[in-house]
Amino acid sequence: MLFTKKIKLSISIAIFLMFSSLTIAQETKEKNYDKGFKFGFGINGGLPTDNAYNFSLGADARLQYDLSQRTSLTLTTGFTNLFIDDNVKDLGFIPVKFGFKAFVWENRFYVLGEVGAGFAVTNG
């Protein structure tokens, strides 16, 4: 039970840190945009809407290829674990998703659509 409280506290802190950062970039007007790859990491967590699982926690890695300054292709994978009671094995899965990212409001707001599959693995 104490372990669950520590995990929930860790998730809360991670969510707070994600929304408390501020990034300021200078805007440049270049005629030739250097296309290229970008690599990023992220953490994710969730609370279920039914009683089957207690919570989820995972990490993702994303490879992004910029087609232009406003559009990109993405490939995302990682690992997410769905935690159940202590007497039942947890369920983990590895997502593999392909996506398209487009800035729709200047360079401040973008939409990202992804499609893919999750490959289940049992933990415990």
Subject >> Rounded distance [0.5 Å steps], CG in Leu57 versus OG1 in Thr80 >> reply: 8.0 Å
**OP:** First locate atom CZ of Phe79, then atom CZ of Phe93, and finally report the distance between them rounded to the nearest 0.5 Å.
**Re:** 8.5 Å
Original post:
Does one hydrophobic cluster hold both Leu112 and Phe109, with members joined at side-chain heavy-atom distances below 4.5 Å?
Top reply: no
Subject >> Steps toward side chain to side chain contact (heavy atoms under 4.5 Å, CB included) verdict (Tyr53, Leu91) >> reply: CA-CA 9 Å; Tyr53 301 99; Leu91 175 65; 3.5 Å; yes
Subject >> Distance in Å, Tyr110 OH paired with Arg70 CZ, rounded so as to fall on 0.5 Å steps >> reply: 14.0 Å
Original post:
What heavy-atom pair brings Leu82 and Asp90 nearest, and what distance separates the two atoms?
Top reply: O-CB, 3.5 Å
Original post:
Applying the side chain to side chain donor-acceptor pair (under 3.5 Å) test to Arg62, which of Thr77, Thr74, Thr76 qualifies?
Top reply: Thr76
Original post:
Charged N to carboxylate O under 4.0 angstrom, Lys101 versus Glu114?
Top reply: no
Original post:
Do Phe100 and Val115 sit in the same hydrophobic cluster, where Ile, Leu, Val, Met, Phe, Trp and Tyr count as joined when their side-chain heavy atoms come under 4.5 Å apart?
Top reply: no
Original post:
Which atom names give the shortest non-hydrogen contact between Asn44 and Ala59, and what distance separates them?
Top reply: ND2-N, 4.1 Å
**OP:** Looking only at non-hydrogen atoms, find the nearest pair between Pro95 and Asp60 and report the distance.
**Re:** CG-OD1, 4.3 Å
Original post:
Less than 4.5 Å apart, any side-chain heavy atom of Leu73 and any of Gln64?
Top reply: no
Original post:
Heavy-atom count around Tyr65 OH within 6.0 Å, excluding the residue itself: above 12?
Top reply: yes
Subject >> Separation between CZ of Phe83 and CZ of Phe55, rounded to the nearest 0.5 Å >> reply: 4.5 Å
